[in-house]
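Beneath this line is the structure, given in structure tokens, with notes to follow.
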Amino acid sequence: MGRIVAVATAMAACLTLGVTATGCSNDEASDERSADQLLEDAYETMKSLTSVTIDTKTTGASKERSTSVLVTDLKSTCTFRSSSESGATLEQIRIEETDYIRPNRAYLDQWAGLEAPSAAEQDRWVKMPSSESAPGDGLSDCTWPFAAFGKAEKGEPAEVDGRQAVALVVTDEEDQGGTYTFHVATEGRPYLLKVDYKGTDFRTTTTFSAFEKPLKVEAPDDDELLDLSGIGG
């Protein structure tokens with residue numbers, strides 16, 4: 001009986017003082033894994049996902065901001081939307097081997113080199129084979145590079161959208177002046193919750209959410225498509 005009373009008394013003290021008090025830490029607080037191992041566990045967890053939403057916010061050297069949202073199965077099916085402060089927006093739906101692409105009027109005028117935006121809005125989609133997509137064209141391939149790099153060190157405990165996390169600071173010799181801070185969940189599965197990047201020319205914040213939520217990606221209706229047949233390129 002004495003041992004039970006002692007345990008009950010100790011538990012009451014922990015609950016009163018908070019689980020972070022000395023001698024009251026939980027398994028997550030006493031996690032002895034290295035920063036590299038924590039990151040590796042997060043990468044493996046993320047690569048096994050069947051769906052995730054990835055939000056990215058970037059501020060460039062000119063202070064202009066851009067955003068993107070990718071909802072994806074991390075393989076070959078996703079929706080993607082990028083936009084900038086100029087008002088230019090590009091939307092994409094990828095379903096296996098087919099891309100549906102919808103740039104708005106501001107995006108078209110920007111890349112056509114026009115000085116003044118056209119009055120008419122643009123709301124049609126263009127259907128193209130996904131094999132015609134190339135790096136740098138502004139489209140997503142639905143994947144994400146969950147791969148280790150650089151040197152990682154443990155930072156401070158953090159909170160991301162109400163989830164407890166640990167901050168892992170990563171530096172890379174090939175990126176002089178750039179620093180990454182990865183936030184890995186310490187409760188439940190070790191999801192990667194957020195990545196902050198601070199470089200000499202720009203800053204990016206990427207957040208990950210909606211893990212394993214049902215993914216519903218549908219092609220536009222035929223009457224929403226723009227027929228480009230007969231137009232030379």
Side-chain angles (χ1 to χ4, degrees), residues 38-60 64-85 88-96 98-104 107 125 130 133-150 152 155 158-170 172 175 178-199 201-219:
L38 285 166
L39 263 184
E40 185 61 31
D41 290 347
Y43 288 145
E44 291 303 314
T45 298
M46 299 302 286
K47 286 189 288 188
S48 70
L49 292 175
T50 59
S51 68
V52 63
T53 296
I54 305 173
D55 291 87
T56 302
K57 296 179 176 62
T58 300
T59 302
E64 182 176 352
R65 298 178 182 179
S66 61
T67 63
S68 69
V69 180
L70 174 65
V71 181
T72 178
D73 67 356
L74 295 174
K75 294 178 181 178
S76 59
T77 299
C78 62
T79 63
F80 178 70
R81 185 180 192 274
S82 63
S83 59
S84 65
E85 284 187 329
T89 298
L90 178 66
E91 295 176 89
Q92 174 195 2
I93 298 171
R94 174 168 290 190
I95 302 174
E96 299 292 341
T98 302
D99 273 330
Y100 300 90
I101 304 165
R102 181 165 68 177
N104 71 351
Y107 187 97
W125 295 85
S130 59
S133 174
D137 63 8
L139 300 180
S140 173
D141 66 358
C142 299
T143 66
W144 195 266
F146 295 115
F149 66 94
E159 184 176 300
V160 179
D161 293 334
R163 290 175 180 256
Q164 296 303 308
V166 59
L168 306 172
V169 180
V170 176
D172 188 357
D175 184 5
T179 301
Y180 296 82
T181 303
F182 292 77
H183 296 81
V184 176
T186 54
E187 295 178 343
R189 298 186 69 188
Y191 293 123
L192 180 59
L193 302 178
K194 183 172 73 168
V195 180
D196 284 320
Y197 171 76
K198 293 182 180 179
D201 296 327
F202 65 94
R203 176 174 180 173
T204 298
T205 296
T206 304
T207 57
F208 303 85
S209 62
F211 307 107
E212 304 289 24
K213 297 294 184 182
L215 188 67
K216 186 178 181 180
V217 178
E218 297 180 343

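Computation of the quantities below employed the complete heavy-atom set of this structure, encompassing side-chain atoms and omitting hydrogens, waters and symmetry-equivalent molecules. Being a predicted model, the structure only gives us computed values, none of them experimental.
- Y107 approaches N104 most closely through the heavy-atom pair N-OD1, 2.8 Å.
- Partners of S51 under the side-chain hydrogen bond (donor to acceptor under 3.5 Å, both in side chains) rule, at least two apart in sequence or in another chain, do not exist in this structure.
- D55 contributes atom CG, which lies 7.5 Å from atom OG of S68 (distance to the nearest 0.5 angstrom).
- Scored by the side-chain hydrogen bond (donor to acceptor under 3.5 Å, both in side chains) test, D196 finds T205 as partners (sequence neighbours excluded).
- For the atom pair CG of L192 and CD of E44, the computed distance is 12.5 Å after rounding to the nearest 0.5 Å.
- Atoms CD and CZ, from Q92 and R81 in turn, are 13.5 Å apart once rounded to the nearest 0.5 Å.
- The two residues Q164 and L193 make their nearest non-hydrogen contact at O-CD1, 4.5 Å.
- Interatomic distance, SG of C78 versus CD1 of I54, reported as 9.5 Å (0.5 Å rounding).
- Counting heavy atoms from C-beta on, the side chains of L90 and L139 come closer than 4.5 Å.
- Among residues two or more places apart in sequence or in another chain, the side-chain hydrogen bond (donor to acceptor under 3.5 Å, both in side chains) test is passed with D141 by T143.
- Summarising the geometry of A219 relative to I95, their closest heavy-atom pair is N-CD1, 3.5 Å, with the distance given to 0.1 Å.
- Residues meeting the side-chain contact (heavy atoms from CB on, under 4.5 Å) test with S48, sequence neighbours left out: R189.
- Taking each heavy atom of F80 and S140 in turn, the nearest pair found is CG-CB, 3.8 Å.
- Under the rule for a ring-ring contact (aromatic ring centres under 6.0 Å, His included), the partners of Y191 that lie at least two apart in sequence or sit in another chain are F211.
- By the 30° and 60° cut-offs, the orientation of the rings of F146 relative to F208 is tilted.
- E64 contributes no side-chain N or O that, together with a main-chain N or O of S84, makes up a donor-acceptor pair within less than 3.5 Å.
- The side chain to side chain donor-acceptor pair (under 3.5 Å) pairs that include a residue from residues 209-219 are T50-E212, where partners are two or more places apart or lie in different chains.
- Under the rule for a side-chain hydrogen bond (donor to acceptor under 3.5 Å, both in side chains), the partners of D137 that lie at least two apart in sequence or sit in another chain are S133.
- Checked against side-chain contact (heavy atoms from CB on, under 4.5 Å), S130 has the following partners two or more places apart in sequence or in another chain: R94, E97, D99.
- Between F149 and Y180, the ring planes are perpendicular. Angles over 60° get that label, and only those under 30° would be called parallel.
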Test side-chain contact (heavy atoms from CB on, under 4.5 Å) on V184 and T45; report intermediate values, then the result.
CA-CA 11 Å; V184 176; T45 298; over 6 Å; no
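- The salt bridge (charged side-chain N to carboxylate O under 4.0 Å, His left out) check on D161 picks up nothing, with sequence neighbours excluded.
- For the side-chain hydrogen bond (donor to acceptor under 3.5 Å, both in side chains) with Y197, the qualifying choice from D175, T206, T204, T181 is D175, the only one to do so.
- Side-chain N or O atoms of D73 include one that pairs as donor or acceptor with a backbone N or O of S76 at under 3.5 Å.
- Residues V169 and T179 approach most closely at CG1-CG2, 3.6 Å, considering heavy atoms.
- For the atom pair OG1 of T59 and CZ of R203, the computed distance is 7.5 Å after rounding to the nearest 0.5 Å.
- Residues that satisfy the salt bridge (charged side-chain N to carboxylate O under 4.0 Å, His left out) test with K75, not counting sequence neighbours, are absent from this structure.
- Taking the salt bridge (charged side-chain N to carboxylate O under 4.0 Å, His left out) definition, one finds that E40 meets it with nothing, sequence neighbours left out.
- Across every non-hydrogen atom of V52 and M46, the tightest pair is CG2-CE, 4.4 Å.
- Every residue meeting the salt bridge (charged side-chain N to carboxylate O under 4.0 Å, His left out) condition with R102, not counting sequence neighbours, appears here in chain and number order: E91.
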